[in-house]
Amino acid sequence: MRLTVEETGRAARFFADGIKRMASRPVRIMEVCGTHTVAIFRAGIRQLLPPEVELVSGPGCPVCVTPNEYIDTAIACSRCPDTVIATFGDMLRVPGSQSSLMAEKAQGADIRIVYSPLDSLRIARENPGKKVVFLAVGFETTAPTAAATVLQAEQQGLENFFVLSAHKLAPPALKAILAAPDSRIDGFLLPGHTAAISGLAPYRFVAEEHRVPAVVTGFEALDILQAIYLLLKQIAAGQPVLVNQYRRVVKSAGNPAAMRVLNQVYRPVDTVWRGFGVIAGSGLRLTAAYERYDAAAALPLVKAVSREPAGCRCGEVLRGLIVPAGCPHFGQSCTPEHPVGACMVSVEGACAAWYKYGQGRWHYE
Amino acid sequence: MNNRDERILLGHGSGGRLSHDLIKDILLPAFANPALAELHDGARLTAGGAKLAFTTDSYVVKPRFFPGGNIGKLAVCGTVNDLAVCGARPLYLSTGFIIEEGLPVSELREIVLAMRETARLAGVYIVTGDTKVVEKGAVDGMYINTAGIGLMLPHVDISARRVKPGQDIIVSGFLGDHAIAVMSERHGLTLPEKITSDCAPLNGLIQAILTEVPQVAMLRDPTRGGLATTLNEIAADAGLGMILEESAIPVRPEVAAVCDILGFDPLYLANEGKVIVFVEKEYSEKVLTIMKKDPLAASARVIGTVTGQLRGQVALRTTVGGIRLLDMLTGEQLPRIC
């Protein structure tokens, strides 16, 4: 059911008024997912909230949490002879230690933007003389499709298709944030699309073990406003639970078929997150049965020494410790045209959203 | 762009901030003259007592055939529309073809026939041209350049300088159709509803508006960079702000759905058959009545107003009542991961 403009406005006012009424003390709410960050800015939700309610971004932008080492490895792949890189568009502009995929493309590397991992299989079929490397980046939402692509490559007997996996799982990052001594989050807006795959169980620890309210939510402006309203209700009542605001999409058990494919092709490993360091059991690596599809093992890679950009505070932004404007690079040496860190590049990056939607620049009336 | 190692990126051609930097840093200083400095869609010139508009554009669309048109139709529409939004009556076009060896002649014929038909519809003549064939791999199939010349309509002055606070901003119809039609064809996206490009010559519509409402202050067709980038350019040129109402901006639900999936913003998507009109409030009803008689602008709407606040910036009042800034496009819009 689609609401009319008037109904949307009425519902928004109801939630915004309720939030104002309940916000009796300062609260920090983390929107874990980059899609939420962007939706919040695009809908102008921050302006509807009282000053007591602070929204901070979290580690849920897959491009942002991908460390430079991965970008450097992808660039090394692109420099291998007869190799095609197939990637989602938002990886192109992310700076690695010395270059970016966009810069490599401008210098002749064969890098193609795909809309689905399956597109990279087609490229592999059409170019039997080339090795096609799919840059597998993303959370639970996209990992099952990448896994299904590997299964299809096997069925089709494709020997020139590879993946470079930087897939990550969201819950371990939340565990890392909650376990950190400097963490002070009063509530979480949890990503609806990852929960749609994994179900609610992996997120229950937030409320049950850490006593922090959490709401799994969708991506429409009203979903987010309602979720903030539900979080404040929990905070006011002092009864943290996991609430599923996005029941029209997220089932309690998730999508078991997608999880089966995921678990068949990938296994959890410890992996590095930009800004966090290693988080136990948070990465996905191909299982032994599918290791032959691992690009890093199959290609003769010559890699630069990886380093993170000096002075970049993306890591603190991703952990909700500072807002983007708290980084000295922000808006000065780091802009969307000349990004220093991934958070300024990705369409879902917190810094990009802060910059694009101009915190404080849009006052009117 | 002072760094010796800096390279041209795809984003330099997107019509957004990088394109602007390229024009400002390299092209304008090299060719500086008063006609160019106006940075309109075409140059306004005086020759032998006649007031003329002159424009050129190159077309490199991939794929060459898409729902609602092909590269030839686009090449004629684009140049006709650029002249029309200068306030001119388009008269004559030139066309230059750069063709990759191996292109099927039947394809060239189909494209040329589309150009002929579109020129006929627009009432313009293609009077001169050029053909080059280059080695396989040197271009992707075929590129077309068109240039056009038109006669300025009398009593009409289309300029960002005439944009004033309080004026209405009108858009002639649904945004983003062209970009999504081309993208869905290019990437084989299976859409529940077929989206057709809006590619069309607008000179008839624009002439009707300007004849009956010569008070129109500014016109622009929101092609590359979309509505948001176009309005930002005008806001910067006029030194004024704009406030738009999200609920009034016409976007087809199916275009909005594709944008949701791919992480695009429809306000930044290219259009090839839309015009934005700036006019004093008292004339906007008249403009809308003229527009709605034309099938190309049947969904025309007032989407916002010009304001003395927010100088040089464009803001959007969202459906939930927040306000956000609508910046210029930065780089290409690229599909996202999730």
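Order of the sequence lines fixes the chain letters, A, B, ..., with proteins taken first and strands second; residue numbering starts at 1 for each chain. The structure displayed is predicted, hence computed values, not measured ones.
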**Side-chain donor or acceptor of B:R324 paired with backbone N/O of A:R42 under 3.5 Å** =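 It does hold such a pair.
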**Item:** Residue selection (most heavy-atom pairs with chain B, distance under 4.5 Å) from A:G44, A:G34, A:S346, A:G9
**Value:**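 Counting heavy-atom pairs under 4.5 Å, the top option is A:G44.
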**Message:** Heavy-atom pairs under 4.5 Å with chain B: which of A:R10, A:R13, A:Q107 has the most?
**Reply:** A:Q107
**Message:** Using every non-hydrogen atom in the two residues, find where B:T318 and A:A43 come nearest and quote the distance to one decimal.
**Reply:**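 Reported closest heavy-atom pair: OG1-O, 2.6 Å.
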**Closest heavy-atom pair and its distance - B:V320, A:A221** =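 Looks like CG1-CB, 3.7 Å.
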**Asked** How long is the span from the NE2 atom in A:H338 to the CG atom in B:L18, to the nearest 0.5 Å?
**Response** 7.0 Å
**Fill in**
CE of A:M102 to CZ of B:R7, rounded to nearest 0.5 Å, is 14.5 Å
**Prompt:** So does B:K62 have more than 12 non-hydrogen atoms from other groups sitting under 6.0 Å from NZ?
**Reply:**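 Result for NZ/B:K62: open.
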**Prompt:** Counting heavy atoms not belonging to B:E135, are there more than 12 under 6.0 Å from its CD?
**Reply:** no
**Message:** Which one wins on heavy-atom pair count under 4.5 Å against chain A: B:V314, B:L326, B:L316, B:T319?
**Reply:** B:T319
